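One structure below.
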There are 2 protein chains.
Amino acid sequence: MNAPHFSTKQRILDSAESLFARHGFAGASLRQVTASANVNLAAVNYHFGSKENLINEVFRRRLDSLNEERLAALAEVLKQPRFGLEDVLGAFVRPALALSMAEDGGAGFVRVLARAFAEHNERLRKFLHDNYSHVLKQFATAFAQVLPHLDKQELYWRLDIVSGALTYAMADFGVIKRRPGMSELQHRDLAAEHLIKFAAAGLRT
Amino acid sequence: MNAPHFSTKQRILDSAESLFARHGFAGASLRQVTASANVNLAAVNYHFGSKENLINEVFRRRLDSLNEERLAALAEVLKQPRFGLEDVLGAFVRPALALSMAEDGGAGFVRVLARAFAEHNERLRKFLHDNYSHVLKQFATAFAQVLPHLDKQELYWRLDIVSGALTYAMADFGVIKRRPGMSELQHRDLAAEHLIKFAAAGLRT
DNA sequence: CTAGAATTCAAACGAGCGTTTCAGCCTTGT
DNA sequence: ACAAGGCTGAAACGCTCGTTTGAATTCTAG
């Protein structure tokens, strides 16, 4: 199913990502994953140690770069003398939207991400917090600047809800085919505009 | 765990709903469900036939009344000589929000619902379509009236995304405790206002 | 070329899964 | 009081799960 010249680890990660997106973490078995990757069953435990570790690596592989891009975009926004809610939201949404429309398995990963949000999995939330809390923190600070009327408590749960709803929406966007006669970039920008408006309405009062 | 004077069927449904919300459909086993319900393992297959049927019944029990309320609310809206997007959205959101903040397991069920949306489970989507497509259809008609500039295709996938994002947001709302000094009703109305604004931004262009 | 490490492989492990069975228990109606 | 049918109980079915094992193979350095 996968080209044989990619490494075993990479093929396992690709297959796992795709199967987790379709069947969930509990629903996709290591036997399905290794069969789809054309790899021996034991390879997962050899290369990753356990299924739980494999799940974490599926996240790490994409989130490392995604969060770098988000922080870079946020840094650009913060450089401007005047910026608003929509700018901060853009720094959060656009990199993820690009991923969800990428040629490779990016769309599958965003669906995995949406699942993880919906699951409220404790173990997974800890992993995300341990590895990427600095990103959330920087965005929370920026949001607090552009939403000064919200107290910290209120801001935090609104961000939680909005980021979940956004992730869900982006997971769906990946599936939707763009209208004919519209370039990939136009379609993405239009989607970003909608999502940002969508999220802004949820954050402002 | 459950009061013994409730019927076996009801206790199974309650426990299943709660465990499906926490661990997913594949993640929660019938042994966990029956143990939490203080019921024999075989009772599930006796009363429901299979795990799949049990899942369907968990949905049916809540969705029958929820969708009735939604349709009743929509009928009220349609009676008015002039109504807008926010009115239609209100008919969709308010009954679900009431459920997610109900005393009984309603909050758990909305989390189950959010999971089901995120999973894109084919079997489940078929069940929902078979049993409740008339509700979606009536709402789609009403939405088409207040959003005449969107063609049918565009409207349908936007409704899909918005309803998913709304369900996700409502699942989270159920967990959030209201600010002190605010009545249950006030809190719910405020949440409904936010969600409706949120969704309206995603539907309008 | 060859020793040693890294990787792959087939096979098996115990545990947990959904489901089935059937004996026994209640609860009805007569 | 008693038969019948609805329901519960303990046990077992075959199957799939994640993981482990140890031998076979491939890769890599000296």
Side-chain angles (χ1 to χ4, degrees), chain A residues 1-61 112 115-116 119 121-124 127, chain B residues 1-61 112 115-116 119 121-124 127:
Chain A
M1 182 154 260
N2 287 287
H5 65 279
F6 288 114
S7 75
T8 298
K9 277 182 94 160
Q10 196 172 152
R11 273 183 291 148
I12 291 175
L13 285 171
D14 288 340
S15 295
E17 183 176 83
S18 161
L19 285 164
F20 287 157
R22 287 208 291 274
H23 308 299
F25 305 114
S29 73
L30 294 187
R31 281 169 176 81
Q32 288 176 268
V33 169
T34 53
S36 149
N38 278 112
V39 148
N40 188 273
L41 169 61
V44 169
N45 286 279
Y46 177 78
H47 286 285
F48 298 95
S50 67
K51 183 179 185 179
E52 186 157 317
N53 257 325
L54 169 62
I55 297 174
N56 287 352
E57 286 310 311
V58 166
F59 279 95
R60 193 195 310 282
R61 181 172 65 144
V112 172
R115 243 176 210 284
E119 291 201 8
N121 184 308
E122 210 43 60
R123 215 213 73 255
L124 201 54
F127 171 82
Chain B
M1 183 150 261
N2 289 287
H5 66 277
F6 288 115
S7 75
T8 298
K9 274 182 98 161
Q10 195 173 150
R11 274 183 291 148
I12 290 174
L13 284 172
D14 288 340
S15 295
E17 184 176 82
S18 160
L19 285 164
F20 287 156
R22 288 207 292 273
H23 308 299
F25 305 114
S29 73
L30 294 187
R31 281 168 177 81
Q32 288 177 266
V33 169
T34 53
S36 149
N38 278 113
V39 148
N40 189 273
L41 169 60
V44 170
N45 286 280
Y46 177 78
H47 286 286
F48 298 96
S50 66
K51 183 179 184 177
E52 187 158 318
N53 259 325
L54 170 62
I55 296 175
N56 287 352
E57 286 310 309
V58 165
F59 279 94
R60 192 194 311 282
R61 180 172 65 145
V112 173
R115 242 177 212 285
E119 291 201 4
N121 184 311
E122 210 44 58
R123 216 213 72 254
L124 201 53
F127 171 81

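Here is the naming used below: chain letters follow the sequence lines, and residue numbers restart at 1 for every chain. Here the structure is a predicted model, which means the values were calculated and not measured.
Nucleotides of DNA chain C nearest to A:Thr8 and A:Arg31 differ in position, and the one nearer the 5' end is that of A:Thr8.
Under the rule for a side chain to side chain donor-acceptor pair (under 3.5 Å), B:Arg31 has no partner lying at least two apart in sequence or in another chain. Checked against side chain to side chain donor-acceptor pair (under 3.5 Å), A:Asn56 has the following partners two or more places apart in sequence or in another chain: A:Arg123. Evaluation of the side chain to side chain donor-acceptor pair (under 3.5 Å) rule for B:Thr34 yields no partner, not counting sequence neighbours.
Heavy atoms of A:Ala42 sit under 4.0 angstrom from at least one base atom.
Under a 4.0 Å N-O distance rule, the pair B:Glu17/B:Arg61 qualifies as a salt bridge.
Residue A:Asp14 holds its CG atom at 11.0 Å from CG of A:Leu19, rounded to the nearest 0.5 Å. With rounding to the nearest 0.5 Å, the separation of CD in A:Gln32 from OG in A:Ser15 is 11.0 Å. The CZ atom of A:Phe59 lies 4.5 Å from the CG atom of A:Leu124; values are rounded to the nearest 0.5 Å. Here CD1 of B:Ile55 is found 11.5 Å from CZ of B:Phe48. Values are rounded to the nearest 0.5 Å. Expressed to the nearest 0.5 Å, how far CG of B:Leu30 lies from CG of B:Asn45 amounts to 6.5 Å. Considering CG of A:Asn40 and OH of A:Tyr46, their distance stands at 12.5 Å, rounded to 0.5 Å.
Atom CG in A:Leu19 sits about 15 Å away from atom C1' in D:dC17, given to the nearest Å. B:Leu30 places its CG atom 17 Å from the C1' atom of D:dG9, with the value rounded to the nearest Å. Between A:His23 atom NE2 and D:dC17 atom C1' the separation is 16 Å, expressed in whole Å. Between A:Leu41 atom CG and D:dC17 atom P there is a gap of 10 Å when expressed in whole angstrom units. Atoms CD1 (B:Ile12) and C1' (D:dC7) sit 11 Å apart, rounded to a whole Å.
Judged by distance alone, the side chain of A:Arg11 and the main-chain N or O of A:Ser36 form no donor-acceptor pair under 3.5 Å.
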*Dot-bracket encoding of pairs in DNA chain C, which uses [ ] for pseudoknotted crossings and | for another strand, Watson-Crick or G-U under 3.5 angstrom*: ||||||||||||||||||||||||||||||
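In the 5' to 3' direction, nucleotides of DNA chain C lying under 4.0 Å from heavy atoms of chain A begin and end at C:dA6 to C:dA12.
At the phosphate of D:dC17, OP1 or OP2 sits under 4.0 Å from a side-chain N or O atom of A:Ser29.
Within residues 44-52 of chain A, the residues that have a heavy atom under 4.0 Å from DNA chain D are, in order of number, A:Asn45, A:Ser50, A:Lys51.
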